[in-house]
Amino acid sequence: MSPWLMGRFPISPALLVSGRAEQEEPEAGAIPVHPSWAACSVLLTQVRLQTQTTYRGIFDCVVKTYRHESLLGFFKGMSFPIASIAVVNSVLFGVYSNTLLALTATSHRERRAQPPSYAHVFLAGCTGGFMQVYCLAPFDLIKVRLQNQTEPRARPGSPPPRYRGPVHCAVSICQEEGPRGLFRGAWALMLRDTPTLGIYFVTYEWLCRQSTPEGQSPSSASVLVAGGFAGILSWAVATPLDVIKSRMQMAGLKHRVYRGVLDCMASSVRQEGLGVFFRGLTINSARAFPVNAVIFLSYEYLLRWWG
Ligand SMILES: C[N+](C)(C)CCCC[C@H](N)C(=O)O
């Protein structure tokens with residue numbers, strides 16, 4: 001077994017074997033598990049649960065994806081977001097720190113002795129969220145479009161998927177809709193990120209201050225816990241608009257074209273009930289803790305080294 005396959009995730013053989021007459025690839029009985037697979041599957045499952053109505057839940061989505069698209073299916077649309085993480089987070093944290101600097105006129109070091117007010121932290125977070133949307137929107141659109149392609153890769157005789165990969169997806173969108181097409185759903189993304197990133201930084205600051213004696217820098221453990229909970233809380237608040245954002249990004253493909261954010265909300269609620277706003281909440285929150293714990297730890301360390 002490849003060293004990449006670190007463990008095996010047992011699944012009832014009946015689940016994998018049933019209805020497999022026309023699919024040969026997956027081995028019956030187990031899905032090989034690797035951390036990168038786990039991370040990608042979380043992102044893919046979240047997007048599919050939010051935009052497609054064919055899945056009964058997280059487990060059903062994972063099993064169906066594995067059955068129809070094999071392990072590779074989970075990595076769909078991942079190269080672009082991975083490449084974009086550094087850029088998007090640099091913009092977010094760069095704008096946040098500089099706005100805080102402008103508002104409080106204190107450097108990162110001085111801020112421990114003179115902590116900024118929560119209103120300033122919130123405002124700086126909202127500004128960071130607003131600015132990051134410009135670079136996040138195209139990457140996020142391509143990710144959502146690729147993750148929603150359920151066709152298996154390279155199966156002879158089967159119709160090819162609409163997009164062959166991230167670059168083909170970007171070029172096709174530009175050709176079909178012009179460069180503005182790359183910003184489809186950007187309004188919903190802005191509504192999602194501007195206030196929730198304010199909440200994100202306020203939660204982080206508040207939790208750090210609760211666990212740190214006055215005037216001192218927070219310990220790594222405090223940073224990890226505060227960052228993790230800031231991620232969970234901000235994703236919990238952001239999930240309703242995340243669902244709408246993903247649906248608007250898919251509009252015209254698997255979904256009808258909506259007249260705007262409100263139309264998308266109203267028609268989703270009419271067809272699927274209020275529960276639609278909580279699709280992907282569990283998976284978003286589970287992913288949010290480790291991801292944001294690491295993001296804030298890196299941010300604090302970088303500021304201490306270079307600040
Ligand atoms: C505010 N909102 C919850 C929308 C996003 C928070 C982003 C944090 C991090 N980049 C992540 O992917 O978890």
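In each ligand, atom 1 is the first atom listed, and ligand 1 is the first ligand listed. The first residue in the sequence is number 1, and the count goes up from there. Any value given below was found using the heavy atoms of this structure, including those in side chains, with hydrogens, waters and symmetry copies removed. Bear in mind that the values here come from a model prediction, so they are computed numbers and not experimental data.
- With contacts defined as side-chain heavy-atom distances shorter than 4.5 Å, the pair Thr99/Leu123 does not qualify.
- Using a 4.0 Å cut-off to heavy atoms of Asp193, the atoms of ligand 1 that qualify are 4 (C).
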For Glu177 and Leu182, run side chain to side chain contact (heavy atoms under 4.5 Å, CB included): C-alpha distance rounded to whole Å, both residues' side-chain angles, the deciding distance at 0.1 Å, then the answer.
CA-CA 8 Å; Glu177 306 168 46; Leu182 287 173; over 6 Å; no

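- Taking every heavy atom of Ala238 and a limit of under 4.0 angstrom, the matching atoms of ligand 1 come to 3 (C), 4 (C).
- Contacts between Ile199 and ligand 1 below 4.0 angstrom, taking non-hydrogen atoms only, are absent altogether.
- Taken from SG in Cys264 to CH2 in Trp187, the straight-line distance is 15.5 Å, to the nearest 0.5 Å.
- Nearest protein heavy-atom neighbour of atom 12 (O) of ligand 1: Arg287 NH2, 2.9 Å.
- Residue contacts with ligand 1, taken as heavy atom pairs separated by less than 4.0 Å, involve Trp235 via backbone and side-chain atoms alike.
- Counting heavy atoms from C-beta outward, Asp140 and Lys143 have side chains that approach closer than 4.5 Å.
- Electrostatic pairing of Arg279 and Asp242 does not count as a salt bridge here, judged by no charged N lying under 4.0 Å from a carboxylate O.
- Annotation: atom 1 (C) of ligand 1 to nearest protein heavy atom, Thr196 OG1, 3.2 Å.
- In this structure, Arg304 satisfies the cation-pi test against Tyr301, with its NZ or CZ atom closer than 6.0 Å to the six-membered ring centre and inside 45 degrees of the ring normal.
- At the shortest separation from atom 9 (C) of ligand 1 among protein heavy atoms lies Asn292 OD1, 3.3 Å.
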